[in-house]
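So the structure is just underneath, and the comments pick up after that.
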Amino acid sequence: MKIYLIADIEGTCNFTHIEEGEQGGFLYPYFCKQMTREVSSACVGALKMGAKDILVHDAHGCSRNIVPDMLPNKVRLMRQAGGDPYAMLSGAQNEKFDAVFMTGFHAPAGSNKSPVSHTFNRKTSKILLNGQILSEFMYDAYSASYLGLPVPFVSGDKEVCEIAKELIPNITAVQTVEGIGAGTISMHPDKAVQKIEEGVEKALSGDWQSCKAVLPEKFTLTICYRNHQDAYYNSFYPGVKQIDDTTIEFSTDTWFEVLRAVHYVLK
């Protein structure tokens with residue numbers, strides 16, 4: 001079994017403020033360590049269940065957050081994506097994987113369920129796909145499905161766990177943090193690490209092959225920027241139309257064209 005694991009940081013246990021995930025920020029070193037512990041526990045659980053190869057993609061910000069020597073020695077680590085439109089799933093199109101795991105995921109832009117809710121970056125107030133708020137989880141789950149891959153496991157905040165269960169009913173989701181207004185409530189970090197390992201074991205002991213998101217037949221991407229200048233600038237991408245001062249829209253019947261558009265209009 002060969003697994004691609006996408007690791008983010010804002011859904012890490014106790015993560016509360018954006019500066020905690022920024023180089024030089026208060027407690028950034030601590031959250032790099034906790035992010036690594038959670039990733040490592042997911043890898044340990046997968047290895048126990050028979051995984052032979054795990055590629056971990058450090059997919060947050062600068063992509064240099066995970067402490068490499070804290071990972072199991074059978075794990076490969078990708079630091080910095082290659083720059084292709086698959087983004088957080090970069091490289092998965094070049095190898096034959098069996099499943100995609102996600103750790104440290106979080107609520108999307110437009111949600112009030114996390115003090116750090118966002119999608120991709122903080123240039124947008126919300127992004128919609130076919131009229132539904134688009135999370136990074138949904139985006140990556142659809143990309144995985146486009147590549148024929150199931151997503152049996154996710155960990156992160158309460159909101160993303162609920163989003164994941166709605167999109168993929170059989171997924172195993174482990175909640176590590178809950179956002180309440182400007183604050184959060186979390187379990188002990190050691191308990192989060194334990195639950196993630198157990199969750200991965202549970203996911204791989206069940207019908208994990210069925211955990212594949214169903215791709216819609218057509219896609220309408222609506223991006224609401226915070227600044228009107230961004231909407232105007234990106235309205236010149238082929239096929240995009242500007243629908244108000246801060247909003248653009250793009251429609252297609254091919255998922256890869258969504259990936260390509262996002263690659264350029266959300267830099």
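This structure is a prediction, so every number in the text was calculated from the model and none was measured.
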Is the shortest distance from a Lys or Arg side-chain nitrogen in [X] or [Y] to a carboxylate oxygen in the other one below 4.0 Å?
X: Arg37; Y: Asp190; answer: yes
X: Glu10; Y: Arg122; answer: yes
X: Glu197; Y: Lys48; answer: yes
X: Asp58; Y: Arg64; answer: no

Inset, instruction - Please work out whether the ring planes of Phe97 and Tyr4 are parallel, tilted or perpendicular, with thresholds of 30° and 60°. - result: perpendicular

Return a table of donor-acceptor pairs under 3.5 angstrom between the side chains of residues 161-174 and protein atoms on other chains or two or more places apart.
{"unit_1": "Lys165", "atom_1": "NZ", "unit_2": "Pro169", "atom_2": "O", "d": "3.4"}
{"unit_1": "Lys165", "atom_1": "NZ", "unit_2": "Ile171", "atom_2": "O", "d": "3.0"}
{"unit_1": "Asn170", "atom_1": "ND2", "unit_2": "Ser210", "atom_2": "OG", "d": "3.1"}

Legend entry - Summary of ring pair (Phe, Tyr, Trp, His ring centres under 6.0 Å) pairs that have at least one residue in residues 102-131, sequence neighbours excluded: His106-His118, Phe120-Tyr139

Got a sec, which hydrophobics cluster with [X], joining ILVMFWY side chains under 4.5 Å apart, including via others?
X: Val193; result: none
X: Val67; result: Met70
X: Phe236; result: Tyr232

Legend entry - Check: Leu266 main-chain N/O paired with Asn121 side-chain donor or acceptor under 3.5 Å: yes

Inset, instruction - Sequence neighbours left out, what pairs pass side-chain hydrogen bond (donor to acceptor under 3.5 Å, both in side chains) with at least one residue falling in residues 142-157? - result: Ser143-Trp255

